[in-house]
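Below is one structure, written out as structure tokens; comments come after it.
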Amino acid sequence: MSAPAAVAWEPTIGLEVHVQLATRTKLFCRCAWRFGAQPNTLVCPVCLGHPGVLPVLNARAVEQGARAALSLGMTVNRESKFDRKNYFYPDLPKGYQISQFDEPLAQHGSIRLDDGTHVRIRRLHLEEDAGKAIHDRGDFGLVDFNRAGAPLAEIVSEPDLATPPQATEYLDRLKQTLRWAGVSDCDMEKGNLRVDINVSVAPAGRRATGTRCEVKNVNSFQSVARALEHEIGRQIAVLESGGTVRQETRTWDEAAGQTRVMRVKEEADDYRYFPDPDLPRLQLSAEWIEAQRAALPEPQAQRRRRYEQALGLSEYDARVLTAERETSAYFERLLAAGSAPKEAANWLVNDVLSWVPPGGGVDDQPIPPEYLAAVLQLRHDGRINRNGGRALLEARAGGDLRSPQELVSALGLETQSDAGALEQACRRAIAAQPKAADDVRAGKEKALGALLGFVMRETRGAADAGKTRAILLRLLQP
Ligand code: ADP
Ligand code: MG
Ligand code: ZN
């Protein structure tokens, strides 16, 4: 967007997000569902759309859908229904998709952005996923039906977003909330979160009055921002040259960095929805809905505040520790084991998390919470210093399965605060590094580092740094 255009024109953005719900099996059959299996191995007559089969609703998917909705502050409807959305495409074996049309599972939620904007969420409905058409293998097409029938929640926002950064912030919040609730891992690379963008442009002050285009096939948050920038620029150019924006469905071409027209609205989107005669209306009791609410973890923002206010953690530590539910669960286990909150946060954030492999979580690194809790206890008892604690973590990360207590003696990590032994080591340091010793005597305290380092090496890191410093200074008094 060029600066003058941004003043004259105002974009309006609404997002339709599909997330795959974390369940073991599909929405209407008992096929297992997981990403990355051999093509067409997770299928049965139901999800392949054979004649005469009947769908049976997966209760777990309804649970996960309801929890998703509740975590977004939505109202879960006591009654909803399933409809057939009819269209033809090779990855849709039945010739229709079972979705929810005019009576969705839930409605009326919102997400608050940092700038105070409330983005209203219009609805959340359940639907089944389609298979995957593969077109990049030469002059023929392939279809993998593993994904066909996987449970999706479609979450539709009101057109309350005005800028690309707001759109990515909304998506990030949505993803964090759903991951925290444990209803989806929202991994865009696996297609577990997919975004359709709706965008229009109107003269400033007349938001949401322009004709909108829908942009599909946007596969990362970064692409969402890029696609929006491009599409907003395109619509402004059309309007400024006196043209009109046509309502159409466009696709994002990642390589070309632009949107391209897919189909014009008038020709498409007549899905002839009607209630699925094979599925009864979905009725949920108030008690069941409350039970889903009760099953949700303490909300992320609330836990973050509690870490800062009740436990006295820094804003940074509280944010890192509540970014993922598994990290927070790890931290909670340290607290349950009696570790001091600040120490525990420090070691978890600065040390343990450094072993998390790229793209992984705290459960993918080698140090279990019980182990770190034992290390913290040794620190608390003054038996090891920071280096010793670090050495214990390194031992475990390197595959040594002995307990911290065993390792302290095996590796000689016990803090040496015995003044006699320390003084001996300090005298050796002074004798070995006369130049540094002279410098300290001459008032250059910086030179103390070299002597301290010598003592640390001699004691293999086990010397108490404070005490060593004091002894050295005493011995080197001019
Ligand atoms: P449809 O029923 O045709 O899909 P909706 O009114 O349900 O249309 O809107 C679909 C999406 O388009 C929603 O996410 C909504 O926020 C967004 N939207 C609606 N009006 C506009 C607009 N003027 N500009 C941009 N997005 C819009
Ligand atoms: Mg729509
Ligand atoms: Zn199946």
Side-chain angles (χ1 to χ4, degrees), residues 9-18 23-34 37 40-50 53-58 61 83 85 93-94 98-102 104 107-111 117-125 127-131 144-151 154-164 166-167 170-171 174 194-203 206-216 218 224 227-228 231-232 235-236 239 244-250 263-266 268-271 273:
W9 301 98
E10 225 164 48
T12 298
I13 303 162
L15 300 176
E16 294 171 272
V17 177
H18 289 86
T23 60
R24 278 184 299 107
T25 60
K26 296 187 182 180
L27 187 53
F28 296 114
C29 63
R30 299 174 70 170
C31 288
W33 154 246
R34 63 182 177 276
N40 296 311
T41 54
L42 307 175
V43 292
C44 76
V46 174
C47 54
L48 288 176
H50 289 192
V53 298
L54 286 172
V56 177
L57 181 60
N58 178 347
D83 303 282
K85 179 178 180 179
K94 294 196 294 294
I98 306 178
S99 180
Q100 296 188 296
F101 182 48
D102 52 349
Q107 57 205 11
H108 305 315
S110 83
I111 285 181
T117 306
H118 267 289
V119 184
R120 291 165 300 157
I121 299 173
R122 182 184 297 171
R123 55 184 275 151
L124 178 152
H125 67 256
E127 63 186 29
E128 56 178 344
D129 208 344
D144 176 6
F145 289 109
N146 282 350
R147 207 178 66 179
E154 178 172 341
I155 300 164
V156 183
S157 84
E158 295 291 347
D160 291 344
L161 296 155
T163 65
Q166 279 190 343
Y170 168 85
L171 289 172
L174 184 66
R194 284 169 254 158
V195 184
D196 294 338
I197 296 169
N198 293 275
V199 55
S200 64
V201 164
R206 298 182 49 204
R207 283 198 68 232
T209 57
T211 304
R212 75 187 147 94
C213 288
E214 186 171 349
V215 185
K216 294 188 175 290
V218 200
V224 169
L228 277 169
E231 182 58 18
I232 291 166
Q235 291 186 16
I236 290 173
L239 295 169
T244 49
V245 173
R246 279 188 310 175
Q247 184 167 353
E248 57 197 11
T249 303
R250 305 176 67 86
R263 55 177 188 262
V264 179
K265 200 77 176 179
E266 297 94 78
D269 286 13
D270 183 3
Y271 294 118
Y273 279 100

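None of the values given here were measured: they were computed from a predicted structure. Atoms within each ligand, like the ligands themselves, are counted from 1 in listed order.
An angle of 110° is found at the Zn ion (ligand 3) between Cys29 atom SG and Cys31 atom SG, rounded to 10°.
Under 4.0 Å from ligand 1, the heavy atoms of Leu15 that appear belong solely to its backbone.
Short contacts between ligand 1 and Glu158, defined as distances under 4.0 Å to a heavy atom of the residue, involve ligand atoms 16 (O). Numbered from 1 in the order shown, with element, the atoms of ligand 1 that lie under 4.0 Å from a heavy atom of Gly210 read 23 (N). Counting atoms of ligand 1 from 1 in the listed order, those under 4.0 Å from a heavy atom of Val156 are 13 (C), 14 (O). Against a heavy-atom cut-off of under 4.0 Å, Asn198 is close to the following atoms of ligand 1: 11 (C), 12 (O), 14 (O), 17 (C), 25 (C), 26 (N). Atoms of ligand 1 found under 4.0 Å from any heavy atom of Ala208, numbered from 1 in the order shown, are 23 (N). Near Thr12, with a cut-off below 4.0 Å to any heavy atom, the atoms of ligand 1 are 24 (N), 25 (C). Residue Ser200 has at least one heavy-atom neighbour below 4.0 Å for each of these atoms of ligand 1: 22 (C), 23 (N), 24 (N), 25 (C).
Across all their heavy atoms, Leu228 and Ala167 have their closest contact at CD1-CB, 3.5 Å. Between Gly49 and Lys94, the shortest heavy-atom distance links the atoms CA-CG, 3.5 Å. Across every non-hydrogen atom of Thr211 and Ser200, the tightest pair is O-CB, 3.4 Å. Here the closest heavy-atom approach between residue Val53 and residue Val46 is recorded as CG2-CA, 3.8 Å. In terms of heavy-atom proximity, Cys31 sits nearest to Val43 at SG-C, 3.4 Å. Closest of all the heavy-atom pairs between Ile98 and Glu128 is N-OE2, 2.8 Å.
By heavy-atom distance, the residue among Pro11, Ser157, Cys213, Gly14 lying nearest atom 13 (C) of ligand 1 is Ser157.
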Output, in order, the C-alpha distance, side-chain angles, deciding distance and verdict of side-chain contact (heavy atoms from CB on, under 4.5 Å) for Arg206 and Glu10. CA-CA 8 Å; Arg206 298 182 49 204; Glu10 225 164 48; over 6 Å; no
Stepwise side-chain contact (heavy atoms from CB on, under 4.5 Å) test for Gln166 and Ile13: CA-CA 9 Å; Gln166 279 190 343; Ile13 303 162; over 6 Å; no
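At a 4.0 Å cut-off, at least one heavy atom of Arg122 sits close enough to ligand 1 to count as contact.
Looking at ligand 1, you'll find an N or O of Pro159 within less than 3.5 Å of one of its N or O atoms.
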